[in-house]
Amino acid sequence: MPSLTASASFAALQSHFASVKNRRLPDLFAQNPQRFAAMSLRAAGLLLDYSKNLLTTDSLRLLLDLARERGVEEQRAAMFAGVKINTTEHRAALHVALRAPRDAELLLDGQDVIAAVHAVQGQMRAFTERVRSGQWLGHTGKAITDIVNIGIGGSDLGPKLACQALQPFAQSDLQLHFVSNADGRDLDAVLRKCNPETALFIVASKSFTTQETMLNAHSARDWMLQQSCSEAALARHFVALSTNTAAVRAFGIDPGNMFPFWDWVGGRYSVWSAIGLSIALAVGFDHFAAFLQGAHAMDQHFCSAPLAANMPVLLALVGIWNRNFLGSSALAIAPYQQDLNLLPAFLQQLEMESNGKGVALDGATLETASSPLILGNAGTNGQHAYFQLLHQGSDVIPVDFIAALRPQHRLPDHHAALLANCFAQSEALMHGKSAAEVRAEMQAEGIDEERIPALVPHRVCPGNRPSNMILMDALTPETLGALLALYEHKVFVQGVIWGVNSFDQWGVELGKALARNIQSELLGTAQPLQHDSSTNNLIALAKAAL
Ligand code: G6Q
């Protein structure tokens, strides 16, 4: 595949961009009263309104040409067919199989993938029901009250997000805790809340070798033993989610208490696998199944809708436009829903670990920018913090607003205020406030005429700042599943267009390896240290303090 910049549609977009970049979004709306209808669509319970982006129908047509020329349709078919598109790890990327119905068919290396997926789901359902009904007992015969998921990265962010987002569906008194950080304060704070007789630890690790997770898992195990749980009774308190049976057994967890998954499930795409056990425990397996169904509905839409009416494709193309033509280096994620507070952190990993790459699949250096920096937190909180930069900063940072039309609480007035803020922000970013408006406003406020000229530039908001709006009727297991699948496929499409492998993470592996070396130096006596003078001195300082 030639590089992105060598493709004919990329060149066409570059010359087209020159004719659009000085347009004003409010003018585009004024010229076409049907702009919302033309630039919004519904799929799998979600509505995407991308009309507040600085593009025209010509821009879209050229972006769709780009998607075709870059092979989005062929790569999509390859992913769903189980082709080993993760070439640097020689693996398929088959997370879509995790949410496929029982009657779907897919063979991978001779294995019936769908049967294997549903067998594990059956195991998860049976276990979940035993724990939630109080039949699964701790070592002193008491029912489980606290679930502690020990995992990091993809083995933490998705389950933690979903457990928080679906809390209104919990219908159980089980307390869910997530421990990820190597900082002992993380586990220590959770252990203080738990009773060793009624705590259940889920060790969630695809590799079962990740340093932070194994450190926390061993400390949790030691804590249980110190609290008078016998080695034999640990089986009542530890289960594993992993692909590595040997390491699970070596840790001391009975493989009978292990929920397996497979190397074709990438860490950041694993929330749909056994890694979702904590979600099923929190909300019940039926709700977890609904979460999978919501994602599957988005998969079906992504597979079957023409590119021009395909939500993940359009969201991806708008992102390409903003990143590679408008030059935006970041994307803000603003969920106007407290329960989605962890979505920006989840998407940080999904987008930046998948497409934060500078090298194309063929090893060539990319000639264009790839993943933007992802930032954000829940609205309205973000409005009182970083939104200042969105409105008046020197960089144009597009925003994805995400909101539900119906709340999951009964407090009066709150939801109208929340939605009003959400819609007002997207409108304000687009319209801005001109010098004339600022002047008139200050005159109306009675500000001294002499002071007005000096104040005007500070109060002007340039506007013309792009945003998407993603709406759902309510935040449910189905809509959450569809939302996460939407972003997964958006990231995939962008990866195809940029020509990168969205499914490896060699940068993450580098950090893991270096930390192992330095840890052995911190704890050992190896001399002299062979690092740069900064790292050598930092290690020496820490060694003296430890
Ligand atoms: C995700 C990454 C990474 C991974 C963690 C945890 O795609 O590979 O975030 O999920 O490093 O890995 P384990 O699940 O193997 O412990």
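Along the sequence shown, the residues carry numbers beginning at 1. Quick note: numbers below take in every heavy atom, side chains included, and nothing from hydrogens, waters or symmetry partners. Remember, it's 1-based here, ligands and their atoms both numbered in the order they're listed.
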Ligand-protein N/O pairs under 3.5 Å (ligand 1):
from, atom 1, to, atom 2, distance (Å)
ligand 1, 7 (O), Arg268, N, 2.8
ligand 1, 7 (O), Arg268, NH1, 2.7
ligand 1, 7 (O), Glu353, OE1, 3.0
ligand 1, 9 (O), Gly154, N, 3.3
ligand 1, 9 (O), Gln349, NE2, 2.6
ligand 1, 10 (O), Gly154, N, 2.9
ligand 1, 11 (O), Lys512, NZ, 3.0
ligand 1, 12 (O), Thr210, OG1, 3.4
ligand 1, 14 (O), Ser155, OG, 2.6
ligand 1, 14 (O), Lys206, N, 2.7
ligand 1, 15 (O), Lys206, N, 3.4
ligand 1, 15 (O), Ser207, N, 2.8
ligand 1, 15 (O), Ser207, OG, 2.6
ligand 1, 15 (O), Thr210, OG1, 3.4
ligand 1, 16 (O), Ser205, OG, 2.6
ligand 1, 16 (O), Thr210, OG1, 2.5

With Pro196, which residues qualify under side chain to side chain contact (heavy atoms under 4.5 Å, CB included), at least two apart?
-> Trp223, Met224, Gln227

Quick one: do the Arg323 and Gln494 side chains pair a donor with an acceptor below 3.5 Å?
-> no

Sequence-distant partners of Val496, side chain to side chain contact (heavy atoms under 4.5 Å, CB included), two or more places apart = Val72, Gln75, Phe492

Indicate yes or no: does Lys84 engage Asp109 in a salt bridge with an N to O separation below 4.0 Å.
-> yes

May I have all residue pairs that pass side chain to side chain donor-acceptor pair (under 3.5 Å) and include part of residues 270-294, sequence neighbours excluded?
-> Arg125-Asp286, Trp272-Glu488

Trp262 vs Trp264 aromatic rings, parallel, tilted or perpendicular, using cut-offs 30° and 60°?
-> parallel

